Structure formats: structure tokens, C-alpha cells
Amino acid sequence: MKEQYNFREIEKKWQGFWAEKDLFAVTEDENKEKYYCLEMFPYPSGKLHMGHVRNYSIGDVVARFKTMNGFNVLHPIGFDSFGLPAENAAIKNGSHPAVWTSSNIAEMEDQLRELGFSYDWDREACTYKEDYYRWMQWIFIQFYKKGLAYKKENPVNWCPSCQTVLANEQVVDGKCERCKSEVTKKKLSQWYLKITDYADRLLTDLGKLEGWPDKVKTMQRNWIGKSTGYEVTYGLKDGDLPMTVFTTRVDTIYGATFMVISPEHPYVEELIKGQKEEAACREYIEQAKKQSDIERTSTTKEKTGQFTGRYVINPANGKELPLYLADYVLMGYGTGIVMGVPAHDQRDFDFAKKFNLPIIPVVDCGDGTDYEHLEAAVAAEGTMINSEQFNGLNNIKAIQVIGDSFVERGVGKKTINFKLRDWLISRQRYWGTPIPMIYCEKCGWQPEKEENLPVLLPTDVEFTGKGESPIATSKTFVDTKCPCCGGAAKREVDTMDTFLDSSWYFLRYCDAKNDKMAFDPKKAAYWMDVDQYIGGVEHAILHLLYSRFFTKVLYDLGLVNVDEPFKNLLTQGMVLKDGSKMSKSLGNVVSPEEIISKYGADTARMFILFAAPPEKELEWSDTGVEGSYKFLNRVYRLVYEMAEDTKGIPAVYKVETKDDKQLSFVLNNTVKRVTEDISNRFNFNTAISAIMELVNELYRYKELEDVNMGLLRDATEKLVLMLSPFVPHIAEEMWEGLGFTESTYHQAWPKYDETQLVKDTVEIVVQLNGKVKAKLDVATGLSKEEFEKTCMDDENVKALLAGKEIVKVIAVPGKLLNVVVKG
RNA sequence: GCCUGGAUGGCGGAAUAGGCAGACGCAGGGGACUUAAAAUCCCCCGGUGGCAACACCGUGCCGGUUCAAGUCCGGCUCUAGGCACCA
């Protein structure tokens, strides 16, 4: 240990030491309790940004802390390395995506090492490598065999800029999640995963996830969007088509005054044919088709529609209702047909106003609403009216009563609907896992034989950036033999959505080098579930929902022993500069490289953990970084001095003087606070501030005349160990400076002595009418009565109370005395 | 519109079960050391009034519960995020 804190030298030295000793490699050990600490793996965009540094610093503290507490900690890393940017870079530079990707990965690996994260690099997984996507394909085939993958022609979300389809989850505000272009509709035959089969379980099991933030669970719950209701079949006048609607408000059926059908509904053709409104209907359908989702679903848009010329018959009362086409009815939800109850649904109300349709109230919510002249739909609970034999019933009750009556008559059934759609996974792109399916004229779609995996990405392709998958330009890829009959067949040229890759990487980490299986179920059984998952809240729906889905399917296949992958989830806040997200376009990016080269990795980690609690947004501050750097220097100087002064002195001592007691108290209290702040709350900011207080106390104590060297020694050792998860390099250096040869990583986390936390006297507060008037030192451990008497007998208190009438005395031993007085 | 959070000094943030509001740090001010500066070490640092002791005010706003409210309850405002024609 040198006199000066030279972070460059120190960080390089210890990174080398860790690598050489392979310090962070772990294996399954049944004798030790496992702990799986996982941070979301990065997309290899080129360089780490501050968000990464924050994410991985948080994870590293947890991993190192758990290791020091005796757990067998799995702390892996990898790269989510398929995806569009690599392909775009390839188009731009005329190179291959693999070149761009691997060089970015190499750079980011270096940066991760420079930050001193405790990863088990032997388990690194990169999704673009054959040894990963081979098993991705294998898993896809298992899904297919289980009937969870199917191909279907559907209108899909199409991004004209990325030239590929998007999953519903990837369309944000009607725009492409990636490039923000407006998404259009296109009819294409595509592969889907049946996530809807798991909708109910994905919803119910959210209840198990006690270690997840409510916010994320709520978001998933809303996304899955379960609603219970009835399907009711209306009759068609002059026709046989069953006009079935889905409604959650079957109680309002007597208030139905029209019916609306989605323009894309398959019945429409038959319904409008030969009607005098046919031409107008066709015109309307064309218009609807042309609209983008963003126009169509805009809530501010006025309702549009077109009468079809047809009528339906309400099974409740036999009334004839006009049937309209309207684009506010979505084909993808419910039955694509809706009964219009304007009095009790705002959308129907707007539509009725526009087309001058009658409005019949059927629920009186009893608040004096003028039902003759409604100005808006009424959704509140109330009593049934205008509903024949159901009048007078509570409407919530009526839902069941009326619903059941339709079930009995055979025109209704109880149904559950989900907003969640099946997951569209085909992408018309090159840089992804090839979908391992083969089309044979005779045998239809067949999965590639498992022994032939991986289906390799071809290299003889052209990157044109045009509408079809670039793989289609390969001369060697497409033509193949049918795995079933051996005849000529063609391969699927689309690749998988990269969200599939990231839906099981945490399982691959359990057994990353296995070339016989995706992972050994025994090893997965040892490590899973992930005890702590850490990442950005932007993945609250997509990645976290897909991963849960995958885990459940693999659980059902008997490959994993847990049906939820992530026990505890920490969603970290964004890193901001000047109040907004760091971004190139705003020009407010602070690069980790810059900070590391100026102050070192330890300072960067320290600042980012100290500046805010992890789940909150973090405002970047250059002077704050400077402050962290100064603190590390301050600690270094202190430990350097202590290393010299306490050389050869064991950390054995008796607490004697008042100052000894004070330091011993602060020391033990710090150990307690830091331990609890890390393990219970992940409040690293307060953990660090506690350590700062200990350092301040040590500075005070060491200048005293009568110092206890054993105590100082003990405090210094514990200080260094407590710092080690946060700032591992400097901690190793100081630990070595104190004469130890083993890494801090393998030291036991310091313990505190409860008896040292008990003080003889404690400062309490004396209040008059709730206002602080005096402070007293009072012995601890007194009963309420003794405490009150001691306080009341105090001269200062007596003086305060002189001439006042005591109304009431509240005594809280060890805390305060509040005297309520008059006059 | 609906669902979540959040609002505390000049700034980032503490206050974990209703009990001293502002821990810790940044910025600022003062002192020591120095020929000087930097670095370091020590002290001060919510507002108003006062020479001072001290008094009054103060956790987005209005009201309530309580001996005691940043914390609990009711009603708002602003703000961030998510969802949004899902019948």
C-alpha cells in the first residue's frame, strides 16, 4: 500500500489478480446455500452507458455482499446480441453483422472488467453464437411440439422503416418501439407463440411474486387485461348468421339500441352483399383499412360508422336493432361485434349521438341524473329500470341473473376475455435465430430434426433493407429436404424476435457450456429461481412477461423446477442529466469511460450508488463525483495511517474510556445499519452515508490522547470490509495494506455486538405542548414510571414547568417527555 | 379518461413502527496549515426578527385525527411513468 491513492495502478492490479485466481467462478455446491444474482444482460450497442454502470453496480454490491455472507453466489453476464442495429450497421458499412457485434462485445467486456464487476465469465452467454441459438431453436421446437407455436395469416403490425413485423408489445403509441415510425397493417403469414394459453396463469401467479414491485405487477395485470362477461347471440333478421357479442354488462341489454360490427369481420361480406348500402359499406371498409392504428385508436377522434341495411334481434325483448359497421370495434377482441348501449357506455353514447340513435337508460344510479336528457353515459351501480321482469334488481346482481337466463335459453355463455394477444415472433430480418421450420408441399410445416440443429444463419446473403428477409437471397439456405418425407422442401426464411433469446438466458447461465442440452435440469434446479433480478423498468411488460411465459412452458415440459423465474425484482431508476434522460440527441451524455479514466471505477461506482436510492431516478452531478473521489482519498489516507500505526496489533481490546464506548458504539451501529440497508432495503445510499459517519468518527477518535489501538485496528478492518462490495479495488488494496493476503471477497461480512449498542444514558427530548424545550441525558432501561419521575425531577424541567398547570404527561422511555400545560 | 408512484433547504437526498425535520454528501461561508495557491484538517450553514438568550414560521395546497403528523384520514394541485375505442 502506497502513501498516495493511485486508482489506475490499484484497479489494474486487482482486476488482474481476480482474473488470475478466477475468483468469481462458481460451481454447484449442495453444502452451501445458493444465491442467484442477475442483472439484465446488455445489448452490445458499442459502449456502456451510465444506465449500465448503475444496473451492474447495484448487482455487484448484492453479489459480493451475499458471497461475504456465506452464500454460493451465481453472478453471470452475457450479451443479448441479435437484433436490428447490427444489421443496419452492416447495410451501412457493407460488413457482416457478426463483425460489428463481436467487436462491440469485446469492447463492452473490457469496460465491464474495468468496472471490477464480480462476474463468472466462464458462464458468459451470447445469443448470436451457434452454441446459444442452437438451443433457442431446440426450445422453439419443443414449443411447436406442444402445440404452442403456429403459423397463421393475419393483419399484423408492420414497421415500414425496420421493414419487419412487430409484436403488439413492441408497438408503442401506434409507433415502432425502436425507430418510432408509424406502424401500419399488413396481412402476412407469420409464426405465433400461444402465450394466450398461459394468460390465466400469468395473471394468477403475479400473486406469488411478493418480491416484485406492485407497479410492475399492476402493469402486467393491465396488459393481460382479463375481463369476465357473457357472450350473447343475437338473431339476424333475414339471415342465419349468429350475431354473437361479448359484453361485461349484460345487465344493460334492454338498453341496446343498435349493434356494431368491426369492418374486418369475416361476416361482413355476406351481411352487406346485395344491400342497397353495399357500395357505401365497401367504401367505409376501404377507408378503415387505410388508416394506421394511431389514427384509428385515437380516443379524440369522432366516431365513424356506416349502416349495413341489416337488422338484428335482441334476444332479451325481440326488438329489431340496426347493424352498423364501425371501426371503433376491434376485430381482435371479444367477438368483433358489440351491442350498442349508449346510456351506459360512453363510446356507444358518442356513436348514438352522431347517428341519431335512441338512448334508453336501464340502470338508475339514484343520484338524480336526468335520464331523459343524458349528456354522457352513466357507468355507476344502480337499480334496473326499463328491463321488464328485471326491474328493481340491483344491476350488479342482474348481470348474473340475466346472464344465466340467456345461458339457460341457449343464447348465451359465460366467457373470459383477455387483452393479451398471441405473441407474433416472425421477423423479416437476417440477424436473429432462424426459425427451424421447413415447408413441404406434401407434409406441410415440419420442424427441423433436432440432431440437425443448429439451422445455421447463411453467410451468402445480401443486405438490401427491403421487405423480405435477407435470408431469402441466400442460394444455399432455402432449398432443403423435408424432415418427414425426404422430398424437396423449403426453409422458413424469417428469424425470431430477439425477445425469445432473452426469455431463457438466465437458464443457460446455469449450465452455459453444455453442448448436449440447452441446460442440465439438475443444474437449473440448483440455481433457479433467480433470487434477485435487477434491471430497468422499461422491461416491465415485454421481457418480464415473456420470461415468465417461457419459464412456465419449460416447467410444464419438466425442464425446470420453478414456474416463476424471478423471485425478487428491483427496477432501477434512470440516470438523468439536467433533469432529462441522457441521450445523444440532447447532447447531455456523460460517458463512463471519461469518469473512469479521470477518477477510477471505484469512484464511479461509489457516486452512482450514493447519489440516490436504486429505484429512483438519479441526477448526474459532476461535483458529486468529485465528492465521492474525495471520500475515497480520505478513507485511503486514514487506512494508510492505521496500517502503519497498528501494524502487528491484533484487533483485540477492552472498551474502557468514554471515547472508546463512543467509537465502539458507532462501529457496531454502522455494521448494523450497513448490513440492514444492503440486505433489507437495497438502500446503498444510506449504507454509504453510515460508513461516512464511521470514517468521521475515526478521524475524531484517532487524534485523542488516549487511544485504544486494538479498537482502532478492529474498526479499520471492519471499515475496509464494509466498503469492499461498493468499491472493491481500493478495498483490496487497503486490506492488503493491513497485512492480509486473502481477498476481501472471501472474508466473512463483519458482525456487530448487540451489547455495544446499549448505551448507559440516552439524550431525550422534553416538550411542552409538543414543542421541544429541553434535552436531558437519562439512564436507559427505565420503566415508564421511573422514566417519567426522573424527567419530572430534573431541575431544568422543574424550571420549565414553574407556575404552569399540568394537564397531562406523556412519557416515552428513552425517547421523550411531553407535558401538556395550561397558562 | 383510468392505473401506479412522487413532491422535504441553493442542490442530491435522510428520517425503517406517529415521537428532536433536514442524517450523509455537494455547493457556499469562516478558521488552521502554507511565502502563496491547491490539497488537507476543523467549524458554521432552512426562513424571518433579535446584539443576544430566544421567539415565530417551515416537509406542494386546504381541512381533519392526535399530547405529538413529512409520516395516518378526507379533499385538491402539480409532476413522472404505464395503459388507453378491450365492449
Side-chain angles (χ1 to χ4, degrees), chain A residues 172-173 213-223 225-227 229 245-250 252 260 296-301 303 326-330 332-341 344-348 350-351 417-421 537-538 540-541 571 573-574 576 579 606-607 610-613 615-628 630-631 633-634 637 673 676-677 680-681 683 685-693 695-696 699-700 703 763-775 807-812 814-821:
Chain A
V172 177
D173 291 335
D214 288 336
K215 180 186 176 178
V216 174
K217 287 190 276 189
T218 308
M219 281 165 72
Q220 291 212 356
R221 215 168 270 131
N222 292 340
W223 188 263
K226 181 177 181 170
S227 54
V245 299
F246 172 72
T247 178
T248 54
R249 293 292 308 274
V250 72
T252 64
V260 211
R296 179 163 170 180
T297 60
S298 155
T299 43
T300 52
K301 196 190 88 169
K303 294 273 176 296
D327 64 3
Y328 81 90
V329 179
L330 309 171
Y333 185 78
T335 61
I337 312 176
V338 169
M339 65 180 197
V341 185
H344 302 290
D345 182 287
Q346 190 57 41
R347 295 154 300 179
D348 297 346
D350 296 342
F351 192 82
N417 262 294
F418 293 96
K419 285 193 215 173
L420 185 70
R421 295 282 90 89
V537 73
E538 65 274 18
I541 297 171
T571 51
M574 279 193 297
L576 308 179
M606 180 86 185
F607 169 73
F610 178 63
E615 67 280 359
K616 270 188 129 181
E617 290 179 343
L618 184 151
E619 175 67 31
W620 187 265
S621 150
D622 291 328
T623 52
V625 178
E626 190 91 33
S628 294
K630 281 186 193 166
F631 172 71
N633 274 285
R634 184 170 155 86
R637 281 191 302 273
R673 284 167 68 189
E676 287 173 359
D677 281 352
N680 302 348
R681 322 195 294 163
N683 276 17
N685 55 332
T686 50
I688 291 169
S689 64
I691 296 174
M692 286 171 167
E693 286 176 62
V695 171
N696 291 342
Y699 264 91
R700 189 191 71 86
E703 296 307 322
E763 190 183 65
I764 66 106
V765 171
V766 179
Q767 297 179 333
L768 277 195
N769 292 339
K771 292 201 170 168
V772 180
K773 293 288 169 181
K775 293 177 182 185
V807 179
K808 194 175 177 184
V809 178
I810 294 105
V812 183
K815 283 228 167 100
L816 91 168
L817 181 85
N818 187 13
V819 186
V820 184
V821 293

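No hydrogens, no waters, no symmetry mates; every other heavy atom, side chains included, goes into these values. Throughout, a chain's letter reflects where its sequence line sits, starting with A, and its residues are numbered from 1. Predicted model, so just to flag it, every value in this text is computed and none were measured.
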Undergrad: In Å and rounded to the nearest 0.5 Å, what is the CD to OG1 distance from A/Glu538 to A/Thr571?
TA: 9.5 Å

Undergrad: Regarding A/Lys419, tell me which of base, sugar-phosphate or nothing describes its non-hydrogen contacts under 4.0 Å with the strands shown.
TA: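 The answer is base, as A/Lys419 lies within the cut-off (heavy atoms under 4.0 Å) of a base atom.
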
Undergrad: Which whole-number value in Å describes the distance from A/Met692 CE to B/G25 P?
TA: 6 Å

Undergrad: Taking N or O atoms only and anything under 3.5 Å, show me the protein contacts with nucleotides 14-19 of chain B, one pair per line.
TA:
| residue | atom | partner | partner atom | Å |
| --- | --- | --- | --- | --- |
| B/A14 | OP1 | A/Asn685 | ND2 | 3.0 |
| B/A15 | OP1 | A/Arg681 | NH1 | 3.2 |
| B/A15 | OP1 | A/Arg681 | NH2 | 2.8 |

Undergrad: Of all the base pairs, Watson-Crick or G-U under 3.5 Å, which form stems of three or more consecutive pairs involving RNA chain B?
TA: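 As far as RNA chain B goes, consecutive pairing (with distances under 3.5 Å) yields the stems B:1-7 with B:77-83, B:10-12 with B:24-26, B:28-32 with B:40-44, B:46-49 with B:54-57, B:60-64 with B:72-76.
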
Undergrad: With sequence neighbours left out, write down each residue that passes salt bridge (charged side-chain N to carboxylate O under 4.0 Å, His left out) with A/Arg221, or none if nothing qualifies.
TA: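 With sequence neighbours excluded, A/Arg221 shows a salt bridge (charged side-chain N to carboxylate O under 4.0 Å, His left out) to no residue whatsoever.
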
Undergrad: Are the side chains of A/Leu816 and A/Ile764 in touch, meaning some heavy atoms are under 4.5 Å apart?
TA: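 They are not in contact (no side-chain heavy atoms under 4.5 Å apart), so the answer is no.
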
Undergrad: Between B/A69 and B/U65, how far apart are the two C1' atoms, rounded to whole Å?
TA: 10 Å

Undergrad: Consider the side chain of A/Phe610, meaning its heavy atoms from C-beta on, and name the nucleotide among B/A23, B/C67, B/G12 that approaches it most closely.
TA: B/G12

Undergrad: Does the side chain of A/Thr247 reach to within under 4.5 Å of the side chain of A/Met339, using non-hydrogen atoms?
TA: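 The answer is yes; the side chains approach within 4.5 Å.
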
Undergrad: Find the distance A/Phe607:CZ to B/C11:C1' and express it as a whole number of Å.
TA: 11 Å

Undergrad: Does a side-chain heavy-atom distance below 4.5 Å link A/Ile810 with A/Val820?
TA: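 Contact flag for A/Ile810/A/Val820 side chains = yes.
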
Undergrad: Taking ring pair (Phe, Tyr, Trp, His ring centres under 6.0 Å) as the definition, give me every residue that meets it alongside A/Phe351, ordered by chain and number, with sequence neighbours left out.
TA: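 Here the qualifying residues are A/Phe258, A/Tyr324, A/Tyr328, A/Phe355.
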
Undergrad: Can you name the residues that form a side-chain contact (heavy atoms from CB on, under 4.5 Å) with A/Asn685, not counting sequence neighbours?
TA: A/Pro613, A/Asn683

Undergrad: Using a 4.5 Å cut-off on heavy atoms from C-beta on, say whether the side chain of A/Leu817 contacts that of A/Val809.
TA: yes

Undergrad: At 4.0 Å (heavy atoms only), tell me whether A/Ser227 reaches a base, stays on the sugar-phosphate, or touches nothing.
TA: sugar-phosphate

Undergrad: Using the side-chain contact (heavy atoms from CB on, under 4.5 Å) criterion, which residues pair with A/Phe607? Sequence neighbours excluded.
TA: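 A/Phe607: side-chain contact (heavy atoms from CB on, under 4.5 Å) contacts with A/Ala611, A/Leu618, A/Trp620, A/Ser621, A/Val625, A/Ser628.
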
Undergrad: Quick one: list whatever passes ring pair (Phe, Tyr, Trp, His ring centres under 6.0 Å) with A/Trp223, sequence neighbours left out.
TA: none

Undergrad: Does A/Lys215 get its side chain close enough to the base of B/C3, under 3.5 Å, for a donor-acceptor pair?
TA: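 Side chain to base: no pair present.
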
Undergrad: Tell me: CD1 of A/Ile541 to C1' of B/C83, nearest whole Å?
TA: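 For the pair A/Ile541 CD1 and B/C83 C1', the rounded distance is 8 Å.
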
Undergrad: Mind checking whether A/Met606 and A/Ile688 have side chains closer than 4.5 Å, heavy atoms only?
TA: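 Touching, per the 4.5 Å side-chain cut-off.
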
Undergrad: So what does A/Val765 hit on the nucleic acid, given a heavy-atom distance under 4.0 Å: a base, only sugar-phosphate, or nothing?
TA: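 A/Val765: base contact, heavy atoms under 4.0 Å.
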
Undergrad: Between protein and nucleotides 54-58 of chain B, what N or O pairs are separated by less than 3.5 Å?
TA:
| residue | atom | partner | partner atom | Å |
| --- | --- | --- | --- | --- |
| B/A55 | OP1 | A/Lys773 | NZ | 3.4 |
| B/C57 | OP2 | A/Lys771 | NZ | 3.3 |

Undergrad: Between A/Thr248 and A/Trp223, name the one whose nearest nucleotide on RNA chain B is closer to the 5' end.
TA: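 By nearest-heavy-atom nucleotide position, the 5'-most residue is A/Trp223.
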
Undergrad: Mind checking the C1' distance from B/A23 to B/A14? Whole angstroms is fine.
TA: 5 Å

Undergrad: Of all residues at least two apart in sequence or in a different chain, which pass the salt bridge (charged side-chain N to carboxylate O under 4.0 Å, His left out) check with A/Asp214?
TA: A/Lys217

Undergrad: Counting the atoms with a prime plus P, OP1 and OP2 as sugar-phosphate, which does A/Gly334 contact under 4.0 Å by heavy atoms, base, sugar-phosphate, or nothing?
TA: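 A/Gly334: no heavy atom of the nucleic acid under 4.0 Å.
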
Undergrad: Are side-chain heavy atoms of A/Leu768 and A/Val819 found at a separation under 4.5 Å?
TA: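 A/Leu768 vs A/Val819: side chains touch.
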
Undergrad: Treating A/Asn417 as the side-chain partner and A/Ser227 as the backbone partner, does any N or O pair qualify as donor plus acceptor under 3.5 Å?
TA: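 Side chain of A/Asn417 to backbone of A/Ser227, a donor-acceptor pair under 3.5 Å: no, none is there.
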
Undergrad: Say you pick atom P in B/G10 and the same atom in B/G22; how far apart are they, in whole Å?
TA: 15 Å

Undergrad: Kindly point out which of B/C20, B/C83, B/A87 is positioned nearest to the side chain of A/Val772?
TA: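 Closest nucleotide to the A/Val772 side chain: B/C20.
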
Undergrad: When you compare B/A36 with B/C26, how far apart are their P atoms, in angstrom units rounded to a whole number?
TA: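 My reading of the P atoms in B/A36 and B/C26 gives 26 Å.
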
Undergrad: Suppose you measure atom C1' in B/A80 against the same atom in B/A27; what distance do you get, rounded to whole Å?
TA: 26 Å

Undergrad: Which residues satisfy the side-chain contact (heavy atoms from CB on, under 4.5 Å) test with A/Met219, sequence neighbours excluded?
TA: A/Lys215, A/Ala540, A/Ile541

Undergrad: Say you pick atom P in B/C83 and the same atom in B/G13; how far apart are they, in whole Å?
TA: 25 Å

Undergrad: Find the distance A/Glu538:CD to B/A80:P and express it as a whole number of Å.
TA: 18 Å

Undergrad: In terms of the nearest nucleotide of RNA chain B, which residue is placed more toward the 5' end: A/Glu619 or A/Gly225?
TA: A/Glu619

Undergrad: So what does A/Ser621 hit on the nucleic acid, given a heavy-atom distance under 4.0 Å: a base, only sugar-phosphate, or nothing?
TA: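 The answer is nothing, as A/Ser621 stays clear of every strand by at least 4.0 Å.
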
Undergrad: Between B/U66 and B/C76, how far apart are the two P atoms, rounded to whole Å?
TA: 23 Å

Undergrad: Measure CD/A/Glu615 against C1'/B/G12 and give the value in whole Å, please.
TA: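 One finds 15 Å between C1' of B/G12 and CD of A/Glu615, rounded.
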
Undergrad: Write down the distance between CD (A/Glu626) and C1' (B/G12), rounded to a whole number of angstrom.
TA: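 Result: 16 Å.
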
Undergrad: Nearest whole angstrom, please: distance from the C1' of B/C85 to the CG of A/Asn222.
TA: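 To the nearest whole Å, that distance equals 16 Å.
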
Undergrad: Between B/G30 and B/U79, how many Å separate the two C1' atoms, rounded to a whole number?
TA: 39 Å

Undergrad: What pairs of nitrogen or oxygen atoms, one from the protein and one from nucleotides 40-43 of chain B, lie under 3.5 Å apart?
TA:
| residue | atom | partner | partner atom | Å |
| --- | --- | --- | --- | --- |
| B/U40 | O3' | A/Arg637 | NH2 | 3.0 |
| B/C41 | OP1 | A/Arg634 | NH1 | 2.8 |
| B/C41 | OP1 | A/Arg637 | NH2 | 3.2 |

Undergrad: If the condition is side-chain hydrogen bond (donor to acceptor under 3.5 Å, both in side chains), which residues does A/Lys775 pass it with, not counting sequence neighbours?
TA: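 With sequence neighbours excluded, A/Lys775 shows a side-chain hydrogen bond (donor to acceptor under 3.5 Å, both in side chains) to no residue whatsoever.
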
Undergrad: Starting from P on B/G82, measure out to CE on A/Met574 and report it in whole angstrom.
TA: 9 Å

